[in-house]
Amino acid sequence: MRTKYSVRTHNCGKLSPKNVGEQVILAGWVQRRRDHGGLIFIDLRDRSGIVQVVSNPVHGTEAFNVARKIRGEYVICVEGKVAKRPQGTVNPTLPTGEVEVIARDIEILNPSKTPPFEIESGVDVDESLRLKFRYLDIRRPEMLRNLKLRHEVVTKVREFLNKRDFLEIETPILTKSTPEGARDYLVPSRLQPGRFYALPQSPQLFKQILMVGGIERYYQIARCFRDEDLRADRQPEHTQIDLEMSFVTQDDILQLVEEMMVEIFSLLDIDLKTPFERLSHQEAVERFGTDKPDLRYSLDLVDISDIAFQSEFKVFTNAIASGGIVKGIRVPNCASLSRKEIDELVESATAKGAKGLSWMAISENEVKSPIAKFFTPSQLEEIVDRLEAKPGDLLFFVADKREVTCEILGYLRGELADRLGLMDPLQFKFVWIVDFPLFEYDEEEGRLKSHHHPFTVPTEDSLPLLDKDPLAARAYAYDLVVNGVEIGGGSLRIYDRKLQEKIFKLLEISPEEAERKFGFLLEALEYGAPPHGGIAFGLDRLVMLLAGCSSIREVIAFPKTQTATCPLTGSPDIVDEKQLKELHIRRR
RNA sequence: GGAGCCGUGGUGUAGCCUGGUCAACACGCUGGCCUGUCAAGCCAGUGAUCGCGGGUUCAAAUCCCGUCGGCUCCGCCA
């Protein structure tokens, strides 16, 4: 019996009436033990599922004695016969509920301490405890399901891209720090005193170099590192589905990705309609107040500046006079919202940076609002018409600079949708955001900053704008957004050294710095670089959406806490002085 | 760097506002009974000085300050 587990014949969860009569050897963990005194039931669990084992002294005296000692999470091996359950004892909630295994022999392979929390679905346990005992947490069905789903997504992606002639190629983890972007994780070099590697924020430059290397189609399931603060959807290391192609247009890439998404979502029997909706960056911001809109609900933002300017309401007219706008949002059937609820919304908008938030409640023949007195009846009617408001609707208005107005209302839009339960968790609304600005203005640094990254190619008609009005320049850049979550983004890249240098110059990266940081790329561009472009997806976010979770930690085997620590291993940790010395590092 | 919420036996919570049987409930765990349960049942028992430190008070889980940890968010994340 010592090594019987090595000849395990079946998986627990796979047993069915078809196996009745068969002699089987199972191995797994004890989910639960029900001791009836003269008869003991054991729910035996392995990765495939659970099956009930019955230990009756009649069928195995020794086994019964062992069964009495068994406790939860013991690892055991059971030999016995599969039997149909007696009439009236079938468990319809268990896939294997029609059968049970009559134990002839039971061996305890390894006992277990009582786990610090119950290993079952739907636990509500402190997350840091789950993470400290992640190996127990992973035994829970939800975690197993999520990790399995993640595996299936990755498998699907590989199949899909392999079929389309992509090569999976690894790029270095120990690489070079680059300016711009997120804070790098640094790794001190032992052999080169005083020098540091950086962990990659993405394989961006390597994949472009691979294109220059004639690979034409590359992908990688790539780990990426960013030393920034964490969120529910942000970890210091995350995994990207990274791909790059030569000789393609933006449309080629978008189309390929759509096909890939169809494949991925077919895993959950979800039929995605292609092509996905496309919104220009500008339209997204104007209509939804964000570049990652959740299109499961409408609540569009509507400009009423022209009407508002005619009113007597100083807040509105002043905002417009100083170059701002007034926009509104219509919330259906919410005129009955209590004053307290409205005040809460006003407060949250103010917390977001709004100077104020005006509202109007629409009823059959009047507009109830603290600001109604500043408007003529016909102006009010125009506003109602413009927002297509119906009796029972509630309207909110913000007056400020264009960007601020859109941002606040965009935030309010999400807040309202959440409160009103407009986010259908079973629906997946894909949208491409395209025509991104090439640059944005960095107030802090007082200079231009790449909206996507410095290697993104401007559209042809933007080229003349680079010198005149760079902020008006558009890029061949695109984001894929699902239900308000940005799951991927990419661009066509610059493959001309002169243009790349020009962009660096506009970003106020000196030729010396450009040479030092990106010299190898600039040089590569001079040796027959093909036109190319690509995209990268946040695998964790994608799987999170598919799994219906609200944090990527649920789909990562060993995630970090908000303070970037690992309760399981205790990393990060102090190291020996000897190690530091070898690395030429002195602590302050 | 900032804001908010949380921290009570192994787990999840109640108690906290209105200081004084202040430690309760469920699950778990241990033992006993029990041959058809599957969240088994019944009986008995075990177990927390209330994250930590300080303060107020005759008296603090309860009020105040600080601190640590977890989570959410802002900043940050090309």
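Chain letters run A, B, ... following the sequence lines, proteins first, then strands; residues in each count from 1.
- A 4.5 Å side-chain heavy-atom check between A/F64 and A/V58 finds every atom pair outside the cut-off.
- B/G9 sits 9 Å from B/C52 when the P atoms are compared, rounded to a whole Å.
- Side chain A/R234 to base B/C77: a donor-acceptor pair is found below 3.5 Å.
- The interatomic distance linking A/L230 (CG) with B/U72 (P) rounds to 9 Å, in whole Å.
- With sequence neighbours excluded, no residue forms a salt bridge (Lys or Arg N to Asp or Glu O under 4.0 Å) with A/R413.
- With P as the reference atom, B/U11 and B/G4 are 28 Å apart, rounded to whole Å.
- Of the P atoms belonging to B/C65 and B/C73, the separation is 26 Å, rounded to the nearest Å.
- For A/R234, the CZ atom sits in a packed shell: over 12 heavy atoms of surrounding residues, nucleotides or ligands are nearer than 6.0 Å.
- Applying the side-chain hydrogen bond (donor to acceptor under 3.5 Å, both in side chains) definition to pairs two or more places apart or across chains, those involving residues 81-96 of chain A are A/N91-A/T93.
- Rounded to a whole Å, the CG atom of A/D418 is 15 Å from the P atom of B/U72.
- By the side chain to side chain contact (heavy atoms under 4.5 Å, CB included) test, A/V257 pairs with A/I253, A/M261, A/W432, A/L480, A/I535, A/F537, sequence neighbours left out.
- A/T456 comes within contact range of no nucleotide atom at all, as no heavy-atom separation falls under 4.0 Å.
- Annotation: side chain to side chain contact (heavy atoms under 4.5 Å, CB included) contacts of A/P559 (sequence neighbours excluded): A/L131, A/R134, A/Q235, A/R553, A/I556.
- The nearest whole Å value for the distance from the CD atom in A/E444 to the P atom in B/C77 is 8 Å.
- Counting non-hydrogen atoms of other residues, nucleotides and ligands closer than 6.0 Å to CZ of A/R223 gives a total of 12 or fewer.
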List, with names and distances, any nitrogen or oxygen atoms from the protein found under 3.5 Å away from nitrogen or oxygen atoms belonging to nucleotides 1-11 of chain B.
residue, atom, partner, partner atom, Å
B/G1, O6, A/D229, OD2, 3.4
B/G10, O2', A/P116, O, 2.8
B/U11, O4', A/P116, O, 3.4

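- On the C1' atoms, B/G70 is 43 Å away from B/C33, given to the nearest whole Å.
- Rounded to a whole angstrom, the distance from the P atom of B/A61 to that of B/U49 is 12 Å.
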Subject >> Candidate pair A/E512 and A/R516, rule salt bridge (charged side-chain N to carboxylate O under 4.0 Å, His left out), full reasoning >> reply: CA-CA 6 Å; A/E512 295 72 32; A/R516 190 162 64 83; over 6 Å; no
Original post:
Under the side chain to side chain contact (heavy atoms under 4.5 Å, CB included) criterion, do A/R130 and A/E554 qualify, and how do the steps go?
Top reply: CA-CA 11 Å; A/R130 287 177 58 202; A/E554 298 299 325; 3.0 Å; yes
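- In the region residues 130-140 of chain A, proximity to RNA chain B at under 4.0 angstrom, judged on heavy atoms, holds for none of the residues.
- Contact annotation: A/T563 side-chain N/O to B/G69 OP1/OP2 distance is not under 4.0 Å.
- The closest side-chain heavy-atom distance from A/L499 to A/L463 is below 4.5 Å.
- With both pairing distances under 3.5 Å, B/G36 is matched to nothing as a Watson-Crick or G-U wobble pair.
- Projected onto RNA chain B by closest heavy-atom contact, A/K292 and A/S128 fall at different nucleotides, the more 5' of which corresponds to A/S128.
- When both distances must be under 3.5 Å, the Watson-Crick or G-U wobble mate of B/U57 does not exist.
- Spacing of P atoms, B/G15 relative to B/G75, comes out at 35 Å, to the nearest Å.
- For RNA chain B, none of the residues of residues 483-491 of chain A falls under the heavy-atom distance limit of 4.0 Å.
- Between A/R296 and A/D294 there is a salt bridge, since at least one side-chain N of the basic residue sits less than 4.0 Å from a carboxylate O of the acidic one.
- Residue pairs meeting the salt bridge (Lys or Arg N to Asp or Glu O under 4.0 Å) criterion with at least one partner in residues 475-488 of chain A, sequence neighbours excluded, are absent.
- Atom C1' of nucleotide B/G36 and atom CD1 of A/I42 are separated by 14 Å, given to the nearest angstrom.
- Protein atom CD of A/E407 is 10 Å distant from nucleotide atom P of B/C74, rounded to whole Å.
- Across all strands shown, B/A44 forms a Watson-Crick or G-U wobble pair with B/U30, both key distances being under 3.5 Å.
- Taking the P atom of each, B/C68 and B/A59 are spaced 29 Å apart, rounded to whole Å.
- In this structure, A/E100 reaches the bases: a heavy-atom distance under 4.0 Å links it to at least one base atom across the strands shown.
- The base-pairing partner of B/G69, taking Watson-Crick or G-U wobble contacts with both distances under 3.5 Å, is B/C6.
- By the side-chain hydrogen bond (donor to acceptor under 3.5 Å, both in side chains) test, A/S128 pairs with A/D126, sequence neighbours left out.
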With a cut-off of 3.5 Å and sequence neighbours excluded, list every side-chain donor-acceptor pair involving residues 26-39 of chain A.
residue, atom, partner, partner atom, Å
A/Q31, OE1, A/R45, NH1, 2.4
A/Q31, NE2, A/I119, O, 2.8
A/R32, NH2, A/E120, OE1, 3.2
A/R33, NE, A/I70, O, 3.1
A/R33, NH1, A/A67, O, 3.2
A/R33, NH1, A/R68, O, 3.1
A/R34, NH1, A/D43, OD2, 2.9
A/R34, NH2, A/D43, OD1, 3.0
A/R34, NH2, A/Q52, OE1, 2.9
A/D35, OD1, A/G37, N, 2.7

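- When the P atom is used for both B/U18 and B/C64, the distance is 10 Å, rounded to whole Å.
- Residue A/D184 contributes atom CG, which lies 18 Å from atom P of B/C76 at whole-angstrom precision.
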**OP:** Starting at the 5' end of nucleotides 38-44 of chain B, put B wherever the base has a protein heavy atom under 4.0 Å, S where only the sugar-phosphate does, and a dash everywhere else.
**Re:** BSB----
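- The aromatic rings of A/F436 and A/H451 lie tilted to each other, with the angle between the two planes from 30° to 60°.
- When heavy atoms are screened at a 4.0 angstrom cut-off, A/S550 is found touching no nucleic acid atom at all.
- For B/U13, the paired base is B/A24 (Watson-Crick or G-U wobble, both distances below 3.5 Å).
- Under the side chain to side chain contact (heavy atoms under 4.5 Å, CB included) criterion, A/A547 pairs with A/R145, A/N146, A/L149, A/C549, A/V555, sequence neighbours left out.
- Contact check, A/T561 against B/G70: a side-chain N or O comes under 4.0 Å of OP1 or OP2.
- Atom pair A/I102:CD1 and B/U37:P shows a separation of 15 Å (rounding to whole Å applied).
- Atom CD in A/Q235 sits about 16 Å away from atom C1' in B/C76, given to the nearest Å.
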